[in-house]
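Values in this document were obtained by computation on a predicted structure and should not be read as measured data.
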Amino acid sequence: MFDFSLNRLLFTVPAIIIALTFHEYAHARVAYAFGDSTAKEAGRLTLNPLRHLDILGTLLLIVAGFGWAKPVPVNPWLLGDNRRKKMMAVSVAGPAMNLVEALIGAGIMSLIVHFISTFNTFYYYALVFLSYFVMINVVLAVFNLIPIPPLDGSKILGGLLPESKLHVELTLERYGFGILVLLMFLPEILRLLGLPAVDILGVIITVPANWLIQVIYSLFGI
């Protein structure tokens, strides 16, 4: 965290840009497939990263290990029947895309490790970049699956909840962003109060992320 070394930035910034761009593109593509052209009309059905990146979210992902891009606009009323389920599918698309990217990155790493006989500086730096690429995509997927608005997990939760429990989703939408900000800065707040700096959000992210990374690497024998 807060590591601004040139070498790290050279590896992480391109990985972050790719991860965020494909994440948002997946949201837009699935919404468009369901009949909602809102994202396309807003210029978000594209792999141009400049259309997707959010300055604050990108900086946080660089320095803190989690962040976000500009939310893709989706109009649930254009999704037709089963709007809640389709909205859930649109939300799942982003994290799912990041996991696919992580698998692709690990697959390329495996090819380099197992099939490249002449190991040189280029392959070394390629492996370093790919390790960051896998980690960033997994962290981005896990972070966005947290069921707190405005993260994708809140819409997934909304699609899973029965109609009788929709008040839970509405309550989260009202207070979710504040809860998320509080969790982000909780360690600093606790430190200022002279209390142990418990990083709840960090634990929520790193425990499943580390497990997923190990599973992905093991799939490819890395």
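- A donor-acceptor pair under 3.5 Å is formed between the side chain of S218 and the backbone N or O of Q214.
- In terms of heavy atoms, A209 sits closest to V139 at CB-CG2, 4.2 Å.
- Using a distance-only test at 3.5 Å, with no hydrogens or angles considered, no donor-acceptor pair links the side chain of K155 to the main chain of S91.
- Inter-residue side-chain proximity for L10 and Y132 is flagged as unmet; no heavy-atom pair is nearer than 4.5 Å.
- Considering CD1 of I222 and NE2 of H114, their distance stands at 7.0 Å, rounded to 0.5 Å.
- When side chains are defined from C-beta on, L180 does not count as touching I146, because their heavy atoms never get closer than 4.5 Å.
- L183 is connected to V142 through a chain of hydrophobic side-chain contacts under 4.5 Å among Ile, Leu, Val, Met, Phe, Trp and Tyr, so both are in one cluster.
- With hydrogens and angles ignored, the 3.5 Å screen pairs no side-chain donor or acceptor of T21 with any backbone N or O of I18.
- With sequence neighbours left out, the side-chain hydrogen bond (donor to acceptor under 3.5 Å, both in side chains) criterion links E24 to no other residue.
- Both Y175 and L186 belong to a common hydrophobic cluster when Ile, Leu, Val, Met, Phe, Trp and Tyr are linked at side-chain heavy-atom distances under 4.5 angstrom.
- Using a 4.5 Å cut-off between side-chain heavy atoms of Ile, Leu, Val, Met, Phe, Trp and Tyr, with links allowed through other members, I205 and I213 fall into the same hydrophobic cluster.
- Among all heavy-atom pairs drawn from A89 and F34, the shortest one is CB-CE1, 3.7 Å.
- Distance check, rounded to the nearest 0.5 Å: CD1 of I104 to CG of L99 gives 11.0 Å.
- Applying the ring-ring contact (aromatic ring centres under 6.0 Å, His included) rule to Y125 yields the partners F11; only residues at least two apart in sequence or on another chain are considered.
- Each side-chain hydrogen bond (donor to acceptor under 3.5 Å, both in side chains) pair with one or both residues in residues 27-41, not counting sequence neighbours, appears once here: H23-H27, Y25-R29, H27-D152, Y32-K40, D36-T38, S37-E41.
- If you take CZ on F143 and CD1 on I136, they are separated by 14.0 Å, rounding to the nearest 0.5 Å.
- When every heavy atom of D54 is checked against every heavy atom of A69, the shortest pair comes out as CB-C, 3.7 Å.
- Across every non-hydrogen atom of L190 and A197, the tightest pair is CB-CA, 4.2 Å.
- At least one side-chain heavy atom of L47 sits under 4.5 Å from a side-chain heavy atom of F22.
- When all heavy atoms of G105 and F133 are compared, the pair lying nearest together is CA-CD2, 4.1 Å.
- Two residues are said to be in side-chain contact when any heavy atoms from C-beta on lie closer than 4.5 Å; L20 and H52 fail this criterion.
- When hydrophobic clusters are built by joining Ile, Leu, Val, Met, Phe, Trp and Tyr residues whose side-chain heavy atoms come closer than 4.5 Å, directly or via intermediates, L212 is not grouped with V92.
- Residues A39 and A28 approach most closely at CB-CB, 3.7 Å, considering heavy atoms.
- Within the 4.5 Å cutoff, side-chain heavy atoms of I216 are placed close to those of L103.
- Within 6.0 Å of the CD1 atom in I55, the count of heavy atoms belonging to other residues, nucleotides or ligands does not exceed 12.
- Using modelled atom types, no side-chain atom of R51 and backbone atom of L45 make a donor-acceptor pair closer than 3.5 Å.
- To the nearest 0.5 Å, atoms CG (L127) and CD1 (I112) are separated by 4.5 Å.
- For the pair D199 and T206, the minimum side-chain heavy-atom distance is 4.5 Å or more.
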